[in-house]
Amino acid sequence: MPEARLRRVSSQRFLPAFKAIAVALCATAFLLPGAQAAKKEKPAAAKTAVASKKAKGPVPVEVKRNAASSKTATVAKRGGRAEKAERAEKVVRGGRNVVATIHKKNGKTVVAVQRRSVVRVVEAPARQSFGQMAGLHGTEDALDLKSSVALVIDQDTHEVLFSKNDHAVLPIASLTKLMTGLLISEAHLPNDELITITQDDVDTEKRSSSRLTVGTTLSRGELLHLALMSSENRAAHALGRTYPGGLTTFVSIMNAKAKMLGMKDTRYVEPTGLSSRNQSSAQDLALLVNAAYADATVRSLSTSPEYQVEVGNRVLQFNTTNRLVKSPDWEIGVQKTGYISEAGQCLVMQARVAGRKLIMVFLDSAGKFSRIADAERVRRWVEATHSVGSPAASSRNAAYQVAG
């Protein structure tokens, strides 16, 4: 009991000191902001007093107080305007491509401005094909084909079932590879001979891409397959470059073969078709398709739906460029597609339709899938009007002829 009383007396003894400290802290908390504000206002009031003294002499105390009050009011008024301006800045934007972020930091207003980069895409006008520039697309035909040039011939009887501008000489794009493949096949060069893609095989005219990078090594047979099936440009160029005598010799043989086949309107300058100077007519190309169909290798490789090759540690999958090859509605013996802007979409085929072996040529077709649609349109038309055994087939033929 004595110990307990001693502690109670002791705590009561320090209670007044604790109260004094608490009162001092509260006073400091309330008075300090006012003191700081007064300290800031004092220089401003002093400057105001000095300026007034110079102008009018001694200034009464009441005037000083009024000046200070006026100063405070002015500051408050300006502060109100600044606050409104700050709020306005938050909603104002510096144009469509400028974004501003406003925030407070250390009592200061920080404005971060970001400019968004604008990429303006200007579509270049579509480049016209040679056929469009020549006005060939203005030629009307009974089947309303999108190809400006078309020719359909019975391979056995040589009967012309349909023609449209078939004498026009135009760039033929990758239809060129049909002649390239035919010459390589007829040369009977070793198919297992390895050929390496070099910088010489890279397209510097159209800047076309290829998955056969420089240094890729494949056999001649593999390159021939890719050139005919998937229209591989570097494969076709490498085949011509490695032909006995070199590329110049190969191109001269291409032109000699065309002349031998009776292709009077045809000229080749390289083996891929990337050059618009490789030109021919529908009538000439029908002769080439007929010759290519007679070669078993060209027949097989051009109608292959897909093919895989090993390149280093990778296996590359290639597919045909003609989706009709995979269609159950078509029985195609040989085919080749082609496209460059100067030539438009091109397609040549030998196919059995309605019991007849037909050679079809479509040049300068407008639209990515239009050459395929034209072929389908012709097939349906032949099945309806020119099937084998149809008594009116010959009479109908004359009605569908369109002079070129």
Side-chain angles (χ1 to χ4, degrees), residues 141-156 159 161-164 172-178 181-182 224-232 235 273 282 285-286 288-309 316-339 343-390 393 400:
D141 65 83
L143 299 183
D144 194 25
L145 301 184
K146 300 303 180 184
S147 302
S148 69
V149 173
L151 181 63
V152 181
I153 299 176
D154 187 300
Q155 189 177 16
D156 294 327
E159 178 188 359
L161 305 184
F162 184 92
S163 67
K164 176 183 178 182
I172 58 174
S174 287
L175 301 185
T176 299
K177 295 184 179 75
L178 201 57
L182 179 60
L224 181 59
H225 200 148
L226 296 180
L228 288 173
M229 182 197 74
S230 58
S231 205
E232 230 301 329
L285 290 170
L288 176 59
V289 171
N290 187 61
Y293 179 76
D295 189 286
T297 299
V298 176
R299 244 187 358 254
S300 173
L301 299 184
S302 71
T303 57
S304 172
E306 58 187 31
Y307 187 57
Q308 293 181 341
V309 294
L316 300 183
Q317 171 81 33
F318 289 85
N319 298 293
T320 179
T321 56
N322 184 354
R323 66 179 186 178
L324 296 181
V325 167
K326 300 180 180 181
S327 173
D329 297 328
W330 285 87
E331 185 182 343
I332 300 175
V334 69
Q335 69 80 35
K336 189 69 196 76
T337 62
Y339 171 78
Q345 300 284 344
C346 304
L347 171 64
V348 294
M349 291 192 301
Q350 187 278 352
R352 185 178 291 273
V353 178
R356 307 180 73 155
K357 292 165 63 178
L358 302 180
I359 292 176
M360 301 181 183
V361 179
F362 303 98
L363 302 181
D364 188 34
S365 188
K368 185 176 181 180
F369 302 108
S370 56
R371 61 189 176 188
I372 301 297
D374 283 355
E376 292 281 13
R377 199 172 286 113
V378 166
R379 180 180 63 82
R380 291 192 295 268
W381 171 71
V382 170
E383 289 174 341
T385 63
H386 287 78
S387 59
V388 174
S390 174
Y400 285 98

Notebook entry, point to check: Roughly how far apart are S147 OG and K164 NZ, rounded to 0.5 Å?
Noted result: 7.0 Å
Check: Stepwise, does the side-chain contact (heavy atoms from CB on, under 4.5 Å) test hold for E383 with V353?
Finding: CA-CA 7 Å; E383 289 174 341; V353 178; 3.9 Å; yes
Check: Side chains of L226 and L301: closer than 4.5 Å at any heavy-atom pair?
Finding: no
Check: Do other residues, nucleotides or ligands put more than 12 heavy atoms under 6.0 Å from the CZ atom of R352?
Finding: yes
Next item on the list: Before accepting this row, confirm whether a basic side-chain N of the pair E331/R379 lies closer than 4.0 Å to the acidic partner's carboxylate O.
Entry: no
Notebook entry, point to check: Minimum heavy-atom separation for G273 to T176, with atom names?
Noted result: CA-OG1, 3.5 Å
Check: K368 and Y339: side-chain contact (heavy atoms from CB on, under 4.5 Å), yes or no, with the steps?
Finding: CA-CA 9 Å; K368 185 176 181 180; Y339 171 78; over 6 Å; no
Checklist line | Aromatic ring pairing Y307/H225, orientation class (parallel under 30°, perpendicular over 60°, tilted between) | finding: parallel
Note to self: Between R356 and H386 (side chain of the first, backbone of the second, donor and acceptor by atom type, cut-off under 3.5 Å), is there such a pair?
What the structure shows: yes
Checklist line | Which atom of K146 lies closest to which atom of S370, heavy atoms considered | finding: CB-CB, 3.7 Å
Margin query: In the structure I gave you, are the side-chain heavy atoms of E232 and F318 within less than 4.5 Å of one another anywhere?
Written below: yes
Margin query: Under a plain distance cut-off of 3.5 Å, with no hydrogens placed, do S174 and S231 share a side-chain donor-acceptor pair?
Written below: yes
Next item on the list: Answer with yes or no whether the side chains of K177 and S302 bring together a donor and an acceptor at under 3.5 Å.
Entry: no
Next item on the list: Report the C-alpha separation of W330 and R323 in whole Å, then their side-chain angles, then the decisive distance to 0.1 Å, and conclude whether the side-chain contact (heavy atoms from CB on, under 4.5 Å) test is met.
Entry: CA-CA 10 Å; W330 285 87; R323 66 179 186 178; over 6 Å; no
Checklist line | Close side-chain approach of N319 and K326, heavy atoms under 4.5 Å | finding: yes
Notebook entry, point to check: Between the side chain of T385 and the main-chain N/O of W381, is any donor-acceptor distance below 3.5 Å?
Noted result: yes
Margin query: Quick check: do V361 and L347 have side-chain heavy atoms less than 4.5 Å from each other?
Written below: no
Check: Nearest heavy-atom pair of A173 and G338: which atoms, and what distance?
Finding: CB-C, 3.8 Å
Check: Closest heavy-atom contact between T303 and I332?
Finding: CG2-O, 3.6 Å
Next item on the list: Check D141, L358, L151 against F162 for a side chain to side chain contact (heavy atoms under 4.5 Å, CB included) and give me the one that passes.
Entry: D141
Next item on the list: Answer yes or no: is there a side-chain heavy-atom contact under 4.5 Å between N322 and I372?
Entry: yes
Notebook entry, point to check: If you look at every heavy atom in L324 and A375, which pair is closest and at what distance?
Noted result: CD1-CB, 3.9 Å
Check: Just how far is it from atom CG of L285 to atom CD1 of I359, taken to the nearest 0.5 Å?
Finding: 10.5 Å
Check: For V378 and M360, which heavy atoms make the closest approach, and how far apart are they?
Finding: CG1-CE, 4.0 Å
Next item on the list: Answer yes or no: is there a side-chain heavy-atom contact under 4.5 Å between V348 and I172?
Entry: no
Check: Distance only, no hydrogens: is a donor on one side chain within 3.5 Å (strictly under) of an acceptor on the other, for T321 and T337?
Finding: yes
Check: Would you call D374 and R377 a salt bridge, taking side-chain N to carboxylate O under 4.0 Å as the test?
Finding: yes
Checklist line | Polar side chain donor-acceptor pair, N290 to Q155, under 3.5 angstrom | finding: yes
Notebook entry, point to check: Given side chains that start at C-beta, do those of F362 and Q345 come closer than 4.5 Å, heavy atoms only?
Noted result: no
Next item on the list: Determine, stepwise, if the pair M229 / L224 fulfils side-chain contact (heavy atoms from CB on, under 4.5 Å).
Entry: CA-CA 8 Å; M229 182 197 74; L224 181 59; over 6 Å; no
